[in-house]
Amino acid sequence: MSKVWDVPHLKTGSERPVMDPDQVYVYNMRYCPYAQRAMLTLLAKKVDFKVFNINLKQKPDWFVNETFGKVPVLLYKGEIIPESLIVSDYADELFPGPQQHPSDPTQKAKDRVLLEIFNRVIMSYYKLMLSKEEEAKETALKDFCKNLDVITEDLKKRGSKFFCGETPGMLDWMVWPWIERFPVLEKLGITMPENAALQQYMDNMWETDPVKEYGLKPEVHYEFLKQYTSGQEEIDYDFMLNK
């Protein structure tokens with residue numbers, strides 16, 4: 001059974017879709033980790049939403065004109081809300097359903113601090129994937145492992161299945177899209193050190209309904225990455241639909 005996100009990516013020349021102001025819509029890109037943050041949050045909140053995938057190499061003019069030219073973007077009741085963290089927070093506060101942020105302000109603040117540290121993991125991850133020089137890759141791998149150790153040590157101190165307790169919450173949805181992509185590094189010949197806590201966390205996250213529904217296996221991420229880094233003018237954003 002197809003999902004609401006199993007739709008072609010709109011591109012230059014595509015007409016702007018007609019929208020019902022009382023329906024929640026998301027401008028998405030199927031392989032974008034930032035957009036995945038919003039999708040996981042909406043799924044965790046059990047929000048009824050529809051998706052318009054966007055070709056980010058050939059963006060429709062109307063998309064560029066009404067957004068920052070990036071995904072995700074949430075549209076609801078005439079409001080156009082961009083940026084993954086903002087969209088996720090907005091959805092958590094606006095819609096009914098399980099609260100994703102901790103109710104304790106101190107814990108929420110601590111989670112945001114950890115998310116800032118995780119941003120360093122993200123930067124190192126992209127350097128690892130995109131660097132051509134071996135020395136740059138070695139430096140990026142050291143930074144990646146050092147900051148990832150901080151993240152996993154924090155998880156162990158929490159003593160729970162997820163960062164947010166025995167059920168996942170906002171911090172989990174915000175870090176997961178990149179953790180889901182970590183196995184791609186091995187396909188690039190980059191060996192990560194053994195990390196039992198991280199592996200257990202990944203196994204736990206794959207058992208959650210939002211990740212089961214929206215997550216993609218390493219082979220799919222790798223297929224998109226090969227296209228994205230090839231330098232080719234056109235990317236087949238819909239290769240999963242065309243199989």
Side-chain angles (χ1 to χ4, degrees), residues 1 3 5-6 28 30-46 84-85 88 92 97-102 107-108 110-126 128-129 140-225 240:
M1 182 178 177
K3 306 290 187 180
W5 47 81
D6 291 336
N28 182 53
R30 187 63 181 95
Y31 313 102
C32 174
Y34 291 97
Q36 187 175 356
R37 283 174 160 175
M39 301 292 281
L40 294 174
T41 302
L42 290 168
L43 288 168
K45 295 287 290 185
K46 304 185 186 304
S84 64
L85 295 180
S88 300
D92 194 30
Q99 184 177 347
Q100 299 305 303
H101 272 301
Q107 187 58 55
K108 181 178 178 181
K110 288 181 177 180
D111 286 357
R112 277 298 162 89
V113 170
L114 197 65
L115 187 56
E116 283 299 313
I117 297 172
F118 191 78
N119 284 337
R120 301 172 196 167
V121 176
I122 294 173
M123 287 189 292
S124 299
Y125 173 77
Y126 286 126
L128 270 173
M129 288 199 304
L141 182 59
K142 287 179 182 177
D143 289 342
F144 176 83
C145 293
K146 180 180 71 175
N147 289 303
L148 188 57
D149 282 346
V150 175
I151 300 296
T152 50
E153 282 302 312
D154 188 281
L155 176 62
K156 287 190 282 188
K157 286 179 183 176
R158 294 179 185 225
S160 52
K161 289 177 64 177
F162 306 100
F163 284 103
C164 295
E166 294 309 306
T167 57
M170 188 64 77
L171 180 58
D172 296 289
W173 309 132
M174 296 304 100
V175 302
W176 173 253
W178 288 270
I179 295 176
E180 178 180 301
R181 289 159 174 78
F182 285 173
V184 174
L185 294 175
E186 292 192 10
K187 293 184 174 295
L188 297 173
I190 300 167
T191 302
M192 289 178 56
E194 291 286 330
N195 191 323
L198 179 64
Q199 186 57 58
Q200 184 60 60
Y201 177 75
M202 294 174 73
D203 293 344
N204 293 339
M205 285 295 286
W206 274 112
E207 290 300 314
T208 65
D209 288 340
V211 174
K212 281 181 181 178
E213 284 193 73
Y214 194 77
L216 295 172
K217 296 300 183 182
E219 294 76 18
V220 178
H221 288 304
Y222 182 57
E223 181 65 29
F224 177 76
L225 178 66
M240 287 176 62

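Computed from heavy atoms alone, side chains included, the values below leave out hydrogens, waters and symmetry copies.
- Residues L128 and S124 have side chains not in contact (no heavy-atom distance under 4.5 Å, counting atoms from C-beta outward).
- Side-chain N or O atoms of D149 include none that pairs as donor or acceptor with a backbone N or O of K146 at under 3.5 Å.
- Shown here are the side chain to side chain contact (heavy atoms under 4.5 Å, CB included) partners of D209, two or more places apart in sequence or in another chain: K212.
- Remark: L171 CG to Q100 CD distance equals 11.5 Å, nearest 0.5 Å.
- Counted by atom type alone, W178 and Y126 present one or more donor-acceptor pairs between their side chains at under 3.5 Å.
- Heavy atoms only, all atoms of each residue included: C32 and R181 are closest at C-NH2, 3.8 Å.
- Within the 3.5 Å criterion, the main-chain N or O of Q200 finds a donor-acceptor partner in the side chain of N204.
- Nearest heavy-atom pair across R37 and S84 is NH1-OG, 3.0 Å.
- The side-chain hydrogen bond (donor to acceptor under 3.5 Å, both in side chains) check on K156 picks up E153, with sequence neighbours excluded.
- Looking only at side-chain heavy atoms (C-beta outward), D111 and C164 come within less than 4.5 Å of each other.
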Check the pair Y201, V175 against side chain to side chain contact (heavy atoms under 4.5 Å, CB included), reporting the backbone distance first and the verdict last. CA-CA 12 Å; Y201 177 75; V175 302; 3.9 Å; yes
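- Q199 and N195 form no side-chain donor-acceptor contact under 3.5 Å, judged by distance and modelled atom types alone.
- Side-chain atoms of D6 come within 3.5 Å of backbone atoms of K3 as a donor-acceptor pair (strictly under, hydrogens ignored).
- Every residue meeting the side chain to side chain contact (heavy atoms under 4.5 Å, CB included) condition with S160, not counting sequence neighbours, appears here in chain and number order: R158, E166.
- Distance check: L40 CG to Y214 OH gives 8.0 Å after rounding to the nearest 0.5 Å.
- Relative orientation of the Y125 and F144 rings is tilted, given thresholds of 30° and 60° on the angle between their planes.
- Using a 4.5 Å heavy-atom cutoff, the side chains of Y31 and E223 are not in contact.
- The main-chain N or O of M205 is found under 3.5 Å from a side-chain atom of T208 such that the two form a donor-acceptor pair.
- Two residues are said to be in side-chain contact when any heavy atoms from C-beta on lie closer than 4.5 Å; M240 and L216 meet this criterion.
- Distance check, rounded to the nearest 0.5 Å: CG of L115 to CD1 of I122 gives 7.0 Å.
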